[in-house]
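Have a look at the structure below before the remarks.
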Protein chains: 2
Amino acid sequence: MSAPTVERAYSSADVDADYKYWSAANYLTVAQIYLQDNVLLTEPLEAQHIKPRLLGHWGTSPGLSLVYTLLNRHIRATDSDWLYVTGPGHGGPALVANTYLEGTYSEIYPNISLDRAGVLALCRQFSTPGGIPSHVSVQTPGSIHEGGELGYALTHAAGAAFDNPDLVVACVVGDGEAETGPLSGSWKIPAFLNPIRDGAVLPILHLNDAKISGPTVLGRSTDLSISDYLSGQGWAPIFVEGDDPRVVLVAFQYALTRAHDAITRIQHAARNGRPELGGEWPAIVLRTPKGWTGPHQVDGKLVEGTHWAHQVPLSGVRENPNHLAQLEQWLLSYDPRSLFDDAGAPVQSIRDLAPVGDKRLGATPHANGGKLLQPLVIRDLQNYSLDIESPGHTSHETTRVLGEMMRDIYLDNGAADGGGNFRLFCPDETASNRLQAVFEATDRCWQLPRTKFDDNLAPDGRVMEVLSEHLCEGWLEAYLLSGRHGLFASYEAFAMVSVSMLIQHTKWLQHAAALEMARTRRVPERAAHQHVLAQRPQRVQSSRPRSDRRGDSSGP
Amino acid sequence: MSAPTVERAYSSADVDADYKYWSAANYLTVAQIYLQDNVLLTEPLEAQHIKPRLLGHWGTSPGLSLVYTLLNRHIRATDSDWLYVTGPGHGGPALVANTYLEGTYSEIYPNISLDRAGVLALCRQFSTPGGIPSHVSVQTPGSIHEGGELGYALTHAAGAAFDNPDLVVACVVGDGEAETGPLSGSWKIPAFLNPIRDGAVLPILHLNDAKISGPTVLGRSTDLSISDYLSGQGWAPIFVEGDDPRVVLVAFQYALTRAHDAITRIQHAARNGRPELGGEWPAIVLRTPKGWTGPHQVDGKLVEGTHWAHQVPLSGVRENPNHLAQLEQWLLSYDPRSLFDDAGAPVQSIRDLAPVGDKRLGATPHANGGKLLQPLVIRDLQNYSLDIESPGHTSHETTRVLGEMMRDIYLDNGAADGGGNFRLFCPDETASNRLQAVFEATDRCWQLPRTKFDDNLAPDGRVMEVLSEHLCEGWLEAYLLSGRHGLFASYEAFAMVSVSMLIQHTKWLQHAAALEMARTRRVPERAAHQHVLAQRPQRVQSSRPRSDRRGDSSGP
């Protein structure tokens, strides 16, 4: 574990550098949404440079990129391990832009090279048939969280943090998503996250006031209400608000440093036997305009800071010369000549701002479970056979045997030492489901006060009981995608509660498996260009050991 | 609207009377769970009086009955209209007991008569094949909320309160249910409930510390945390805590009076054009022991106040003479001789404590939508036909036409005057779904601050947009079950999010329809005894006008 961090100097030159990085991310975001040619604006913008159909979400993107920019700086300063979960995953182009700037994108998809041809391919593939989706998906480097159905960002963040003591999961929660039931139920992380053995979750509640076409409840709530809401659930909020980019950069850098210091203090205190010195988990509340730095007004109507900036703020660009001119102005406002070199690659000073190797958010192995997965030790199934003397004479319960099997899985995979890579997730039904043999090996996980009348309840318990199928399913999904093993047990009647999550997760696994399968094929050079999705190595998410299949990789 | 209430005297004699009523409800709850004979304990309890299989939930029941008892008194004192939604609906025997004591049960199911035979039938039918479920269900008088899948109590409470300006919906939220995502997302009622045209929701957060076999997050949170959590979402909590029944009765009576006064003040201020004088919506936080007044210890182990009291606190009663004796003691502790007269009916002094007629919680027409339903005025469908000159030559959007139809439904059903009995529920997708013609007739509903850049947003808007399929579906369900009309529009990809609610609601409608169909048959006297579920009149829940079918009722 790293020592508590101290305030690190953040100079005006740093701010300028970060502003430039952020501008590059914003430029590439806009370019992905709009451009199919002249993507570096080396000549005047014309209608035929514009995509025939404009898709994507601009509104949330600048905020996501600002957080990315400062996480980059913070990771370099502290050499710490971070995972970035973006609830507003429909801001996909921002994440793609940032992973391109840091280099991970081109490493995984060589045809999206760090040059003019690469930027062109990057723009053309976005939200295009045969290309990539407009939201964060399995193809996005560093992602474990689908940006489609909203509500599961925080539960995924927590699932990835479990049993990863050195990891911090930064999790942006949009104020739209914050209205959903599952997200609303996910704030109770402090009751279940153990600061000794688990990593941390840093929620970043991003309030930009609006969702698709109306205001948001938290966006229109006072800071005091939000502070009450979060502190009532065990969080100490740090507020950052503004619309002047350089001021917000400084404020957010400060908030991030303070937050990480608070996390380190909590973990340090707990790991040294003095948890009472730790304090509360930090959370950042970030208020910035929706569609920040985009068109302020369009056709005389305010767009920046309103729901009109949610998706494509300038429409009909091919047909409307005024909109075309405004788009050109918008793109030029980021000064692309200063962002890209003669070859069309992001200038070195920008690329130098990213962390290196696996510290990059797009390259963290915690988002690529297959790299970290250790097979579960499971005893021979014969150990759990039942002797039946004659048919119909004895009575047994199948789940009771399953409980015994899970007990042994716990014992054989580190639970005896308080650790491990297996957890059972269940809505307070473990005993009711007759799985209680697991309590011979471990306890229910609980960080709040206990009484002497509690059963099998401990801070280092590894049975995750919370009365929420959504939390159980979401915790499990992220625990699996970050390379561990688990099981979600539910009453059959209530398994439907979280079925939409299961469908989305299955879709994720399906696409991940397709990536892996394609990787083992030898794809001819020309064909590779048309199969940009096919080359992501080792995107393995599964609860089954796959190490035996990792060896025979022979991809390009 | 009634004038603001004042503190009403609550005497020691009243407390004694309410304690007696509560004892009767508790007695009948225990009797339903355990007894199949000797149900009034007129002779010593023996093994054969005990049901062969013990089912049901004792833990939450005393709390639900305490609230019922004091709502009864409050309704009589104020002549106000209340609906009672019980999130912990698995406390079904408590609700059945209370509706039996107030007389509604016997009116609907004449074979459950107010005498010894009726009490016997009441006990025997409970959680028995051919009888009634152990949780609150469509058969329970006064219910609109299934006590199975947890999470929807508050959203149902709000849906029933919309457009019912004189109704207060008391809604018990268990601390188990409070852990679910949908319930956690439901607290944002103050952002959507209009104090001028809508009724009120009075949440009663019932903390008894435990769920099935572990503690609850809110149960183990401090009052300060809970206060922050609720006030951050627009509620002013009133705390009641205790384990001395007479003290808690007094404290809860006081809290209920204060809460209703606060509601009346908010509505009065808003309805007189001075909403700023109203203050915040009240909520009650009630901390009482789980399984209160039940066995304190069993076999030397603490039960009362722990999760061991969740279901059947004394098991194996037929086989274990000690448990049998303890059950007898428990039943006798309520002094059944003082609760039932010689005929076996609840004594008159108890029955007099209930409100009369439709003011009874089990008889409110707001829980029996068929009694209140006014058919929607819908124009001839020909109005919405599209002229097509020749195939494949013009392009139209079907949902745009649906939007125009809904606009007219709004206009023709009271929206022009700011009222009506129709609402559209949608997760911020009305315009995105091309239904925006509705905004020619009404606005989005919003009680929080507005800006001049908002579109179609108003406190009296009748389009309910919140980014939660669970809230939309739940609001709609209760709006329908309380006798109004509505539509939930969702992106098809996200309709699965709330599909388990839809299944449960459909099951509810199916059972309601079965009750109604059975009612129109002439059931022979003997058969009626075996079809106790068949006689509930007018249990109609539907969004379609049913008045034409109500006329030909010829049931018993």
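Labels below follow one simple rule: chain letters A, B, ... track the order of the sequence lines, proteins then strands, and each chain is numbered from 1.
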Only pairs of heavy atoms separated by less than 4.5 Å count here; which of B/T430, B/D209, B/L224, B/T451 has the most with chain A? B/T451

Pairs of heavy atoms under 4.5 Å with chain A: top-ranked of B/P182, B/A178, B/A495: B/P182

Count the heavy-atom pairs under 4.5 Å between each of [options] and chain B, then report the option with the highest count.
| options | result |
| --- | --- |
| A/Q311, A/E177, A/H470 | A/H470 |
| A/N456, A/T155, A/L467, A/I226 | A/L467 |
| A/L183, A/D455, A/L218 | A/D455 |
| A/G214, A/P449, A/A191 | A/P449 |

From the list B/R444, B/E429, B/Q436, side-chain hydrogen bond (donor to acceptor under 3.5 Å, both in side chains) with A/S213 holds only for B/R444

Among residues 295-307 of chain A, those lying within the under-4.5 Å heavy-atom range of chain B are A/L302, A/T306, A/H307

Which region of B/T222, side chain (C-beta onward) or backbone (N, CA, C, O), has a non-hydrogen atom less than 4.5 Å from a non-hydrogen atom of chain A, or is it both or neither? neither

Side chain / backbone / both / neither for B/V217 at chain A, heavy atoms under 4.5 Å: both

Side chain [X], main chain [Y], donor-acceptor under 3.5 Å:
| X | Y | value |
| --- | --- | --- |
| A/D428 | B/I212 | yes |
| A/R220 | B/L448 | no |
| A/K188 | B/E179 | yes |

[X] portion near chain B, given a 4.5 angstrom heavy-atom threshold:
| X | value |
| --- | --- |
| A/Q233 | side chain |
| A/I503 | side chain |
| A/W308 | side chain |
| A/V466 | both |
| A/L150 | side chain |

Compare every heavy atom of A/G181 with every heavy atom of B/S468, then report the nearest pair and how far apart it is. OG-N, 3.9 Å

Enter the distance from B/F494:CZ to A/T180:OG1 here, rounded to the nearest 0.5 Å. 11.5 Å

Could you measure the distance from the CD atom of A/E149 to the CE atom of B/M496? Nearest 0.5 Å is fine. 9.0 Å

With a 4.5 Å heavy-atom cut-off, do B/W446 and A/P215 have their side chains touching? yes

